[in-house]
Asker: 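Just dropping this structure here.
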There are 2 protein chains.
Amino acid sequence: MTVDQDVPPRRSDRTRAAILAAARERFAADGYAKATIRAIAAQAGIDPSMVMRYYGSKEKLLAAAADFGLELPDLTLLAPAERTVALVRHLLDLCERNDTMIALLRVAATQEAAAERSRFLVANQIEPLIATIEPDPELARQRAGLLATQMLGLALTRYVLELPAVVAMSADELAAWMSPVLQHYLTGRPD
Amino acid sequence: MTVDQDVPPRRSDRTRAAILAAARERFAADGYAKATIRAIAAQAGIDPSMVMRYYGSKEKLLAAAADFGLELPDLTLLAPAERTVALVRHLLDLCERNDTMIALLRVAATQEAAAERSRFLVANQIEPLIATIEPDPELARQRAGLLATQMLGLALTRYVLELPAVVAMSADELAAWMSPVLQHYLTGRPD
DNA sequence: GGTGTAGGCCTACAGTTGTTGGCATGACCG
DNA sequence: CGGTCATGCCAACAACTGTAGGCCTACACC
């Protein structure tokens with residue numbers, strides 16, 4: 001996530017934001033290729049050339065759309081028993097509050113830049129989070145990777161593939177089922 | 001998976017197969033949009049128009065490429081303790097033996113037809129498999145969905161996103177870590 | 001109140017895409 | 001040996017894409 005420079009607000013800020021929001025919505029719904037600049041501009045209610053002026057190219061627009069943080073909860077502030085449910089609920093909330101996370105997931109399947117961004121998020125936000133409760137760095141790395149398989153698998157099946165069995169379950173049910181799994185990845189040992 | 005009709009072998013069968021193999025390779029590597037008919041034809045060493053002649057359209061070619069089975073092992077023939085490792089190893093093997101599974105996963109992120117095919121596979125191959133060891137049909141459905149979150153999450157992070165921490169682990173390590181997880185989804189209860 | 005400039009639109013272009021039809025060629029069967 | 005049909009290639013088309021440049025308008029500031 002880029003830190004905002006202390007630059008005076010411009011009149012075009014609303015348009016910039018509208019473009020970014022529209023881009024995330026189209027990317028999340030259609031993926032990179034089908035989300036054309038014309039479609040994004042139409043959704044934002046402006047001319048396609050504005051997208052180019054403000055973001056330079058479609059690739060750079062994608063980079064801007066994928067530039068966000070996971071806002072993960074601080075595990076050290078939670079009781080160990082609460083951590084796993086908090087993680088599941090946080091992910092579901094993140095996916096449902098806006099399209100950014102789903103856009104990243106969908107686009108990462110075909111665009112290397114987005115895949116790289118997903119790797120960056122795991123390495124720089126999930127791994128450090130695990131490191132707060134797992135001293136061994138190599139093990140923390142493994143735990144983070146394993147956590148990612150389950151978390152991203154949940155997001156994929158529920159919001160991208162929309163497997164009926166996964167969509168049908170409530171956030172509470174999913175948290176209840178997955179809590180022991182995450183517990184195992186956070187503090188357990190392989191068989 | 002379509003059953004092969006008993007039709008006499010044609011001289012063009014090799015070309016048909018070459019197109020299908022090339023399509024799977026390109027779909028797996030580039031996704032649907034970037035895998036152009038021209039690129040697929042070039043990889044198969046034939047003219048783009050042949051693809052149209054034999055498969056009718058790009059959409060139908062995708063349908064043919066996604067038409068395969070998971071060849072899941074029969075769980076009733078395995079001791080309960082062996083089932084989970086067998087499932088993990090089978091998935092990894094399926095992904096590494098050819099590109100079909102990865103192609104489906106990558107394309108399903110953007111193409112509704114492929115997503116629908118993935119739902120079909122879960123409903124018609126994973127659910128029945130679980131049903132052989134779980135009598136309650138609704139619970140079997142849930143277990144199948146949960147299994148899918150972990151299995152597809154593994155395939156996604158390892159072969160599509162290529163998270164370093166997941167790529168670095170061996171099949172044995174992954175099986176050892178995930179075995180208790182799958183066991184939980186197969187026979188356990190939510191918290 | 002004039003004027004510079006930021007914000008916006010329209011048009012155009014070159015490249016690529018899926019798709020089509022026609023033409024060659026060689027195998028196979030009578 | 002003649003013809004017929006499957007197999008393959010080539011050329012083309014219409015649509016759509018990202019992108020660039022030019023032009024108009026209206027706000028902000030001196």
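So that the names make sense, note that chain A is the first sequence line, chain B the second, and so on, each numbered from 1. Every heavy atom of this structure was used, including side-chain atoms; hydrogens, water molecules and symmetry mates were not.
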Asker: Nearest whole angstrom, please: distance from the P of D:dA12 to the CZ of B:Arg38.
Answerer: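 About 13 Å, once rounded to whole Å.
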Asker: Please report the distance, rounded to the nearest Å, between OH in B:Tyr54 and C1' in D:dG8.
Answerer: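 Computing the B:Tyr54:OH to D:dG8:C1' distance gives 7 Å.
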Asker: CG of A:Leu62 versus P of D:dG18: gap in Å, rounded?
Answerer: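 Result: 12 Å.
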Asker: Using a cut-off of strictly less than 4.0 Å, decide whether A:Thr15 has a side-chain nitrogen or oxygen near OP1 or OP2 of C:dG8.
Answerer: yes
Asker: Any salt bridge between A:Asp67 and A:Arg117, counting N to O under 4.0 Å?
Answerer: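 Yes, this pair counts.
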Asker: Which sits closer to the 5' end of DNA chain D, A:Gly56 or A:Thr36, going by the nucleotide each is nearest to?
Answerer: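 Comparing both residues, the 5'-ward one is A:Thr36.
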Asker: For the pair made of CZ in B:Arg53 and C1' in C:dG22, what is the distance, rounded to whole Å?
Answerer: 11 Å
Asker: Whole Å only: how far is the OH atom of B:Tyr55 from the P atom of D:dG8?
Answerer: 12 Å
Asker: Just how far, in rounded Å, is P of C:dT19 from NZ of B:Lys58?
Answerer: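 Nearest whole value for this atom pair: 8 Å.
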Asker: Assign A:Ser49 to base, sugar-phosphate, or nothing according to its heavy-atom contacts below 4.0 angstrom with the strands shown.
Answerer: base
Asker: Quick check with a 6.0 Å cut-off and a 45 degree axis cone: is A:Lys58 positioned over the face of A:Tyr32's six-membered ring?
Answerer: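 Yes, A:Lys58 and A:Tyr32 form such a contact.
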Asker: Before you tell me yes or no, could you show the steps for A:Arg189 and A:Leu139 under side-chain contact (heavy atoms from CB on, under 4.5 Å), namely the whole-Å CA-CA distance, both residues' side-chain angles and the distance that decides it to 0.1 Å?
Answerer: CA-CA 10 Å; A:Arg189 291 277 163 178; A:Leu139 193 52; 3.6 Å; yes
Asker: Atom NZ of A:Lys34 and atom P of D:dT17: how far apart are they, to the nearest Å?
Answerer: 11 Å
Asker: The side chain of B:Ile46 lies closest to which of these nucleotides: D:dC9, C:dG8, C:dG18?
Answerer: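 Nucleotide nearest to B:Ile46's side chain: D:dC9.
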Asker: Examine the side chains of A:Ser49 and A:Asp47 and answer whether a donor and an acceptor come within less than 3.5 Å of each other.
Answerer: yes
Asker: Just the rounded figure in Å: distance from C1' of D:dG18 to CD1 of A:Ile19.
Answerer: 15 Å
